[in-house]
Amino acid sequence: MAAVVSPTSLESAPRIMRLVAECSRSRARAGELRLPHGPVATPVFMPVGTQATMKGITAEQLDALGCRICLGNTYHLGLRPGPELIQKARGLHGFMNWPHNLLTDSGGFQMVSLVSLSEVTEEGVRFRSPYDGDETLLSPERSVEIQNALGSDIIMQLDDVVSSTVTGPRVEEAMYRSIRWLDRCIAAHQRPDKQNLFAIIQGGLDADLRATCLEEMTKRDVPGFAIGGLSGGESKGQFWRMVALSTSRLPKDKPRYLMGVGYATDLVVCVALGCDMFDCVFPTRTARFGSALVPTGNLQLKKKQYEKDFRPIDPECACPTCQKHSRAFLHTLLHSDNTAALHHLTVHNIAYQLRLMSAVRASIVEKRFPDFVRDFMGTMYGDPTLCPSWATEALASVGITLG
Amino acid sequence: MKLSLTKVVNGCRLGKIKNLGKTGDCTMDIPGCLLYTKTGSAPHLTHHTLHKIHGVPAMAQLTLSSLAEHHEVLAEYKEGVGKFIGMPESLLYCSLHDPVSPCPAGYVTNKSVSVWGVGGRVEMTASKFMAIQQVLQPDWFQCLSDGEATCDEATSIKRARKSVDRSLLFLDNCLKLQEESEVLQKSVIIGVIEGGDVMEERLRSARETAKRPVGGFLLDGFQGTATTLETRLHLLSSVTAELPEHKPRLICGVSQPDEVLECIERGVDLFESFFPYLATERGCALTFSFDYQPIPEETLLQQNGTEEEVKYVDQTKSKTTSCNQEITSFEINLKEKKYQEDFDPLVRECPCYCCKNHTRAYIHHLLVTNELLAGVLLMMHNFEHYFGFFQAIREALKSDRLAQLKELIHRQAS
C-alpha cells in the first residue's frame with residue numbers, strides 16, 4: 001500500500017508537537033509535545049487516573065516513574081466532585097496536586113460504556129447518574145465548560161461515540177454529528193491559549209465514513225487529532241486498517257492520539273502506523289487483578305505456580321516493585337487483604353508501559369525501529385513469525401516484515 | 001540486647017533498648033510502638049510510601065496469623081521473613097495474633113494453639129510453632145500462649161489458672177526447643193503473662209515467667225473496651241511490679257492514645273500501632289493534639305474544627321476488643337460533607353506527605369468515590385501522627401511534663 005502524502009496544515013496555529021525523528025521505513029515518529037505543564041516525549045503512553053487519582057499510587061510515585069502526562073475523566077469528575085469545586089481547588093492540577101500534564105476525555109466514551117444510562121440527541125448526551133438518579137445533559141458546550149474548569153492541558157471534543165460493533169446509519173449519523181460537535185466545542189472553548197482542544201475522528205469501521213470525517217475535521221484548526229471509536233469489540237483486522245487510514249490522512253505536524261489502546265503489541269504496531277499518543281485502563285486495571293506485565297506477556301501472580309518463585313517480576317525492570325520484591329511475596333500479599341499488593345503491581349505495570357514507550361522512541365531516534373519491532377515480537381511470541389496475523393499484515397503495510 | 005533506663009517517673013520508664021538485631025547495632029526508644037503490618041506489609045503502603053513517613057519505628061510487628069500458613073514457602077526461601085517481605089533492615093517482632101482481628105475462642109488445648117490465616121486454621125504444637133519461628137527468624141517472638149482466659153465475660157479462676165499453667169508449659173517447651181537450635185537462638189523469646197482477671201494468677205504468671213530466660217514480657221489479656229481496661233489497670237500495675245526492670249514490657253491490644261498513657265504509667269514500654277490503621281479504615285484522620293506546650297486552646301480549635309463539635313464515644317458498645325470500631329474523639333471523619341470544600345490539610349503544620357501535598361477536600365473526594373488512594377494517604381498521615389505522639393511522650397518524660405501531655409490527651413478523650 002503506497003503511503004499517502006499527508007497534508008501539511010495550512011493554519012497558523014502554533015504547533016505543539018516537534019518531530020525529532022522519523023522511521024525511514026514505517027510511519028513511526030519520535031517527537032516532543034510542548035504543553036503548558038512541561039514537555040512530553042512521544043510516542044507516549046498515558047496512564048488513566050479517571051477520578052483525579054492514579055488509583056493507589058501517589059502523585060509523587062507517578063512522577064518518580066517518569067510519567068509526564070496522565071488522564072482524568074470529565075464525565076466522572078463532572079459528577080463528583082464537580083467543576084465548581086475543582087475550580088476552587090485551582091483546577092484538576094491543584095486538586096490532585098499533579099505538577100505535570102493532564103488530558104481529559106470529554107465524557108463521550110461513557111456514552112458507550114454506560115449506554116444503558118445514556119441517551120443521545122443533537123443537543124448532547126443525557127445521562128442518568130448512577131449515584132443519585134439525577135439527570136445531566138452533557139452537551140459539547142457543557143463538556144468544554146467542565147474541561148475549562150478542570151484546566152487540563154489537553155481537552156477532548158465531545159464526540160458522538162458508537163460502539164465499533166454497531167453498523168448501519170447510526171454510524172454515519174454519529175460521524176457527522178461529531179463534526180458538528182467539534183465546531184461547537186471550538187466555539188465554546190474559553191481558554192485556547194492554555195488548553196489544547198483535540199478533535200476526535202469517528203466513522204466506525206467504514207472507510208468512506210472515516211475518510212469523510214478526516215477530510216472535514218482536518219479543515220479545523222485544532223492542535224491535535226485523536227482517532228476514536230476503535231478499541232472496542234471490532235476485529236483487529238478492521239482495527240488496524242482504520243488506524244492506518246486515519247494516520248495517512250492526518251497532518252504530519254500535529255500529534256495523533258489513538259484512544260483506548262494499551263496492549264503492548266497494539267502499541268508497537270500503532271506506533272509503526274504513525275500514532276504518537278495512547279491511553280488505556282488495561283495496565284492499571286489488570287494490576288488490580290493481580291496481573292503483572294512482562295515482555296513475554298503477563299504473569300497471573302495469584303496462581304499457585306508463583307508461590308515459591310523468588311525472582312522479581314522482571315529482572316530487567318528498574319521499578320521499585322522489582323527492585324524490592326519477589327513474585328512469591330507478591331503472591332502471598334495478593335492473597336491477603338492488604339491493598340499494598342495492588343499498588344506494587346500498579347507501579348510495576350505503569351513502569352512497564354513507560355519503559356516500552358521509551359524503548360520504542362529510542363529505537364526510532366536511533367534509526368533501528370524495524371529491528372526493535374522484530375525483537376519485540378520475537379520476545380512476545382517466541383518468534384517474530386508467530387506474531388498474530390493482523391499485526392504482521394499491519395506492519396507489512398508500512399514496510400516492516402517479520403522473520 | 002540491653003535495656004537502659006534513663007529515668008523512671010511516676011512509674012513511667014524512659015530509656016533505650018540497645019544492641020538489637022542481627023548485627024547488634026540497632027536501638028529502640030521506650031516508650032515506643034511497633035509498626036503494624038498485615039501479611040508482612042504496612043497496610044496500604046509500599047516500601048516507597050512507607051519511607052515517606054517520618055519516625056517509623058525501628059521494629060515492625062508481624063503476626064503469626066498472617067504468616068503461619070506460608071511456612072513451607074519460607075522454609076524453601078531459607079533467608080527469613082524479613083528479607084522475604086522486603087524489610088531486611090527492620091527489627092521484627094512476631095506476635096501470635098492480629099490485634100485487629102481476634103480469632104475465635106475455644107481452640108487452645110493443652111498441647112496446641114491455633115491461629116487463623118486466609119486459608120483457615122493453623123494448629124500449632126510447641127514444636128510446630130518453633131519450627132515456624134525457625135524459618136521466620138524474627139528478632140523477637142511472642143511465645144506460644146493461652147490467651148483465652150479473658151474471652152468470656154466473667155473469667156473463672158479455673159480458666160485463669162489454666163491459662164497460666166498452659167502458657168508456662170508452652171514456654172518451657174519452647175525454651176527447650178530453642179536450646180537445640182542455633183538458628184532459634186538468634187531470636188529472643190518474649191514470655192507471655194496470662195491469668196485473666198484473677199490477681200493471684202496474674203502474679204503467679206509474672207513471677208514464674210520472670211524466672212525463665214526470656215528476653216522480655218508480653219502482657220496479654222488486657223485488651224477489651226475502655227471500661228474493661230480501666231478495671232484491669234490495677235492488675236497491670238501489680239503485674240509489672242513483679243517483672244525485672246531491665247527487660248522490655250510489651251502489651252497487646254491496647255493502642256488508643258489515652259489507654260497508651262495509662263499503661264505507660266503502669267510500667268509498659270512497647271505498644272502495637274493498629275489504632276492509626278483502624279482510623280484509616282473508617283475513613284478518619286487522627287487530629288488529636290499532643291502539643292502540650294502552652295496555647296493549647298487555639299490548637300484544639302484548629303485541629304478539630306468548630307466549637308460545637310463534641311463526640312460522644314459509645315464506650316459500652318463494642319464487646320470484644322479495645323480496638324474501638326467506633327469513631328473516637330481523637331480523629332475526624334473525612335466522609336462528612338463539611339470537608340467537601342475544606343482546603344486545609346488534615347492537620348495544620350503536620351509535616352507528613354499527605355498534609356504537605358493534599359487537602360481535606362481531596363481526601364473527602366477519594367473516600368466518596370471509593371478510591372484506593374484514600375487508604376494510602378490516610379495511612380501515611382495516621383501513622384506519622386501516631387509516631388509523633390510517641391515522640392511527644394518521650395520528650396514529655398524527658399522534660400518532666402508528662403502530666404501536661406496526659407491532661408491534654410484526657411481532655412480530648414471525651
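Just so it is clear, the values below take in all heavy atoms, side chains as well, and ignore hydrogens, waters and symmetry mates. Owing to the predicted nature of the structure, the values given are computational and were not obtained by experimental measurement. Naming: A, B, ... by sequence-line order, numbering from 1 per chain.
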Side chain from CB out, backbone as N, CA, C, O: work out which of these in [X] comes under 4.5 Å of a heavy atom of chain B, or both, or neither.
| X | answer |
| --- | --- |
| His344(A) | both |
| Phe329(A) | both |
| Met96(A) | both |
| Ile57(A) | backbone |
| Ala341(A) | neither |
| Thr332(A) | both |

Side chain, backbone, both or neither: which part of [X] has an atom under 4.5 Å from a heavy atom of chain A?
| X | value |
| --- | --- |
| Glu371(B) | side chain |
| Ala42(B) | backbone |
| Lys52(B) | side chain |
| Thr39(B) | both |

Which one, Leu79(A), Leu85(A), Leu330(A), leads in non-hydrogen pairs under 4.5 Å with chain B?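 The option with the most such pairs is Leu85(A).
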Top of His325(A), Arg80(A), His335(A) for chain B proximity - count of heavy-atom pairs under 4.5 angstrom: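 The answer is Arg80(A).
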Out of [options], which one racks up the most heavy-atom pairs below 4.5 Å with chain A?
| options | answer |
| --- | --- |
| Val118(B), Asn357(B), Ile85(B), Leu366(B) | Ile85(B) |
| His70(B), His365(B), Lys38(B) | His365(B) |
| Thr369(B), Val376(B), Leu377(B) | Thr369(B) |

Without hydrogens or angle criteria, can the side chains of His48(B) and Glu60(A) be said to hold a donor-acceptor pair below 3.5 Å?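 Yes, because at least one side-chain N or O of His48(B) sits under 3.5 Å from a partner of the opposite role on Glu60(A).
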Have Thr339(A) and His44(B) got a donor and an acceptor in their side chains that come within less than 3.5 Å?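 There is such a pair (donor and acceptor under 3.5 Å, judged by atom type) between the side chains of Thr339(A) and His44(B).
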Aromatic ring proximity Tyr36(B)/Tyr277(B), centre distance under 6.0 Å: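 When the ring centroids of Tyr36(B) and Tyr277(B) are compared, they turn out to be within the sub-6.0 Å range.
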Going from CG on Asp139(B) to CG on Leu91(B), what distance comes out if it is rounded to the nearest 0.5 angstrom?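 Interatomic distance, Asp139(B) CG to Leu91(B) CG, rounded to 0.5 Å: 5.0 Å.
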Could you tell me whether [X] and [Y] make a salt bridge, using a distance below 4.0 angstrom between a side-chain N and a carboxylate O?
| X | Y | answer |
| --- | --- | --- |
| Arg360(B) | Glu341(B) | no |
| Asp314(A) | Arg327(A) | no |
| Lys308(A) | Glu76(B) | yes |

With side-chain contact (heavy atoms from CB on, under 4.5 Å) as the criterion, how do Cys70(A) and Leu102(A) come out once you've worked through the C-alpha distance, each side chain's angles and the decisive distance to 0.1 Å? CA-CA 5 Å; Cys70(A) 65; Leu102(A) 286 166; 3.8 Å; yes
Test Arg355(A) against Glu316(A) for salt bridge (Lys or Arg N to Asp or Glu O under 4.0 Å), laying out the working first. CA-CA 11 Å; Arg355(A) 195 170 112 235; Glu316(A) 307 284 304; over 6 Å; no
Decide ring-ring contact (aromatic ring centres under 6.0 Å, His included) for Phe343(B) and Phe95(A); before the verdict, give the C-alpha distance in whole Å, the side-chain angles of both, and the deciding distance to 0.1 Å. CA-CA 9 Å; Phe343(B) 295 114; Phe95(A) 187 58; 7.4 Å; no
